[in-house]
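Inspection log for the structure reproduced underneath, given as structure tokens.
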Amino acid sequence: MKTKIKTKLVAAMLSVVMLLGTTPVNAAAVSAKNTGIALEITAAGAYSNWDGVSNVSQFVNEKGQFCFAYDNGKNVIIVKTKNGKAQKNTIRLKKKHDLFGGVTCDSKGNYYLVTGETNETENTDKNTIFISKYDKNGKHLKTVGDNGSASLGSWYDSSFYTQTPFDAGNCDIAINGNTLTVNYARQMYNGHQSNSVFTINTQTMEKISVGNVYNSHSFAQRAIPYKDGFVLASEGDCYPRAFTVNYVAKDGSFNYEGDSFHFWVKKGALDEWNMWLVNDNFARMGGVAAVNDTTVCLVGQSVKSLNKKAEKQNQQVFIQIFDPTKDLGSASAYTTSGKRSGLSGGNGDQEVTDYGVKWLTDTDKSIISNTQVVSDGNGTIAVLFEQYSSKTWEYEGVYYIILDGKGNVISKKQKYSSTAKLNPYVMPVYTKGSVYWVGNKPDDNSSKMYVYSLKLK
């Protein structure tokens with residue numbers, strides 16, 4: 001069903017003091033610290049509204065330090081930071097397979113590297129995605145693999161297993177206690193594309209079945225820990241044509257799926273088998289973050305209309321805050337307010353209504369790209385994105401908006417820096433009062449990596 005089309009900032013940190021209530025942030029806490037590492041940060045396979053897998057992961061370790069890991073071919077290098085400065089002592093993880101998915105760390109300091117490989121045969125029993133565990137010094141402990149069957153119900157045959165992981169989407173990793181889950185894109189043996197979920201017990205390194213988690217034509221994937229399980233998100237262009245959210249218990253005893261935000265397409269597009277139209281969602285996944293103990297937020301970019309006006313509109317940033325255990329087709333699930341109605345579905349003939357949609361930007365003068373989100377877990381949300389001129393395509397910089405846990409804007413849209421970039425399709429990290437990420441600078445011939453930070457508290 002899917003047709004693939006391949007194809008010195010501030011030396012010292014400026015302070016931000018954010019007060020409670022609706023007091024606006026007055027200045028950006030801008031810091032760009034050179035890591036000394038020359039690497040162009042890219043997202044393999046990214047195209048149009050499809051995500052790709054970044055060659056740099058970012059996460060917080062057991063000590064609350066911001067860390068990043070980058071793929072250099074045969075190995076993955078982990079770099080710890082202190083106050084945003086990269087430390088000299090690095091950790092080297094030897095890759096077990098060629099394709100890089102991502103890295104994270106547990107509360108004991110163990111690292112988990114997700115890798116994959118393409119199966120060139122039709123042996124669907126062969127494992128193609130792997131989770132490798134390493135100790136805090138980089139010593140390999142164990143690797144476990146999966147063939148893509150772990151999150152499929154019994155009614156799917158082996159043609160739905162994973163032939164090539166990380167295809168036309170990305171790979172996101174989340175840990176909750178002793179459970180780790182990977183939500184990833186893949187090409188199946190039947191030639192079609194979808195997502196799949198691979199979950200393990202980190203102590204025993206045994207696989208856990210979390211029930212059926214499957215979205216056909218899934219071009220972006222997100223995973224975060226939430227309560228006693230995980231919230232997973234997917235961007236689909238047809239089945240369904242929406243941002244879809246799953247809340248999954250760690251043991252698989254509960255699995256709820258709902259569609260929070262739909263996409264328009266020209267009527268009859270699927271019947272005409274016009275994949276140029278079907279593949280275009282007029283939207284792109286941003287991210288998902290836990291706002292507090294009861295709600296999560298989904299941030300993305302999209303045109304505002306669910307009708308033919310979508311063809312001429314610029315994508316804008318929006319947020320939805322909701323309880324992922326409730327019916328996402330009902331306004332009562334959402335903390336934010338705002339409604340959009342129109343037509344969706346693969347043929348553009350399904351009447352749909354989205355609830356809790358709050359638009360954060362409204363401009364035809366700029367093109368929004370790479371929308372991202374991070375939360376401090378206590379009701380403060382930072383939304384970041386890159387912006388380009390709609391007339392010249394000239395890069396304008398990274399911008400941010402700060403909201404409270406109910407979606408009220410604390411700090412209106414402000415420019416972070418015109419010489420910063422975001423890590424493509426990898427959410428920023430919050431730790432110790434600041435937001436961190438790794439990025440290049442635009443037009444930096446050396447492609448050096450910098451650690452950027454935005455101080456919230």
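Quick note: residue numbers are just sequence positions, from 1.
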Does the Ser344 side chain pair with the main chain of Arg241, one donor and one acceptor, at a distance under 3.5 Å? yes
Sole residue of Tyr430, Tyr416, Phe68 in ring-ring contact (aromatic ring centres under 6.0 Å, His included) with Trp437: Tyr416
Donor on one side chain, acceptor on other, Asn195 and Ser234, under 3.5 Å: no
Just jot down the salt bridge (charged side-chain N to carboxylate O under 4.0 Å, His left out) partners of Lys227, sequence neighbours excluded, or say none. none
Residues which pass side chain to side chain contact (heavy atoms under 4.5 Å, CB included) with Thr294, listed by chain and number, not counting sequence neighbours: Asn292
Do Ser366 and Gln387 meet the criterion of a side-chain donor-acceptor pair at a distance under 3.5 Å? yes
Non-neighbouring partners of Asp106 that pass salt bridge (charged side-chain N to carboxylate O under 4.0 Å, His left out), sequence neighbours left out: none
Just by modelled atom types, is the Ala168 backbone N or O under 3.5 Å from a matching donor or acceptor in the Arg186 side chain? no
What pairs meet the salt bridge (Lys or Arg N to Asp or Glu O under 4.0 Å) rule with one or both residues in residues 269-296, with sequence neighbours excluded? Asp51-Arg284
Go through Phe322 and Tyr334 one step at a time and tell me if the ring-ring contact (aromatic ring centres under 6.0 Å, His included) criterion holds. CA-CA 4 Å; Phe322 52 86; Tyr334 296 84; 5.7 Å; yes
Those residues that, when tested against Phe261, pass ring-ring contact (aromatic ring centres under 6.0 Å, His included) (two or more places apart): Phe243, Phe318
List the residues meeting salt bridge (charged side-chain N to carboxylate O under 4.0 Å, His left out) with Lys304, not counting sequence neighbours, and say none if there are none. Asp362
Which pair of non-hydrogen atoms, one from Ala331 and one from Tyr355, has the smallest distance, and what is that distance? CB-CD2, 3.5 Å
Under 3.5 Å: donor-acceptor pair, side chain of Thr431, backbone of Gly64: yes
Can you sort out the partners of Ala174 under side chain to side chain contact (heavy atoms under 4.5 Å, CB included), two or more places apart, ordered by chain and number? Thr181, Ala223, Pro225, Phe230
Under the rule for side chain to side chain contact (heavy atoms under 4.5 Å, CB included), what residues qualify as partners of Asp228, not counting sequence neighbours? Tyr247
Taking side chain to side chain contact (heavy atoms under 4.5 Å, CB included) as the definition, give me every residue that meets it alongside Thr42, ordered by chain and number, with sequence neighbours left out. Glu40, Asn55
Between Gln193 and Asp167: side-chain donor-acceptor atoms closer than 3.5 Å: no
Which residues pass the salt bridge (charged side-chain N to carboxylate O under 4.0 Å, His left out) test with Lys266, sequence neighbours left out? none
Who are the ring-ring contact (aromatic ring centres under 6.0 Å, His included) partners of Phe385, not counting sequence neighbours? none
By the salt bridge (Lys or Arg N to Asp or Glu O under 4.0 Å) test, which pairs, at least two apart or in different chains, include something from residues 368-380? Asp376-Lys457
